[in-house]
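See structure below.
Since the structure is predicted, the reported quantities are computational estimates derived from the model, not experimental observations.
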Amino acid sequence: MKSLTRSSQDAVIAGVCSGIAHYFVIPNYVVRLIFFFGGLDWLYVILGLTLPWDNQNFLN
């Protein structure tokens, strides 16, 4: 089953936007533009604190 997680592969800051992009199967830059121009920085912080990392090893 598919679940919403932060992406460790394409993470720029906290992996929130790339995790959302992977979940909805859309390009990363679209989600990043929505967060940037939509003034959703408060939501980014909340999701960055609450969403778990994906199952991939972050350091490798």
Side-chain angles (χ1 to χ4, degrees):
M1 181 158 72
K2 201 165 146 176
S3 64
L4 184 59
T5 59
R6 296 190 295 167
S7 176
S8 59
Q9 260 184 331
D10 301 326
V12 173
I13 296 176
V16 174
C17 290
S18 58
I20 292 171
H22 286 256
Y23 184 79
F24 290 109
V25 191
I26 56 176
N28 292 342
Y29 71 88
V30 172
V31 179
R32 290 182 178 125
L33 288 174
I34 290 170
F35 270 90
F36 182 73
F37 289 116
L40 298 174
D41 47 346
W42 58 272
L43 180 61
Y44 188 91
V45 171
I46 292 171
L47 290 174
L49 293 172
T50 58
L51 286 179
W53 287 101
D54 57 5
N55 293 336
Q56 299 171 2
N57 190 351
F58 185 68
L59 298 176
N60 290 333

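Looking only at distances, no side-chain donor or acceptor of R6 sits under 3.5 Å from a matching main-chain atom of V16. Listed for the R32 side chain is no donor-acceptor partner under 3.5 Å among the backbone atoms of C17.
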For this session: Report the C-alpha separation of L47 and I20 in whole Å, then their side-chain angles, then the decisive distance to 0.1 Å, and conclude whether the side-chain contact (heavy atoms from CB on, under 4.5 Å) test is met.
Result: CA-CA 10 Å; L47 290 174; I20 292 171; 3.9 Å; yes

For this session: Go through the steps to decide whether W53 and T5 satisfy the test side-chain contact (heavy atoms from CB on, under 4.5 Å), and finish with yes or no.
Result: CA-CA 6 Å; W53 287 101; T5 59; over 6 Å; no

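Looking at S18 and N28, their side chains never bring a donor and an acceptor atom within 3.5 Å of each other.
Neither I34 nor V25 shares a network with the other; the hydrophobic side chains, linked directly or stepwise wherever heavy atoms of I, L, V, M, F, W or Y lie under 4.5 Å apart, form separate groups for each.
Minimum heavy-atom separation, S8 to D54: OG-OD1, 2.8 Å.
Using a 4.5 Å cut-off between side-chain heavy atoms of Ile, Leu, Val, Met, Phe, Trp and Tyr, V45 falls into a hydrophobic cluster with L49.
Pairs engaging residues 39-50 under the side chain to side chain donor-acceptor pair (under 3.5 Å) rule: none recorded [sequence neighbours left out].
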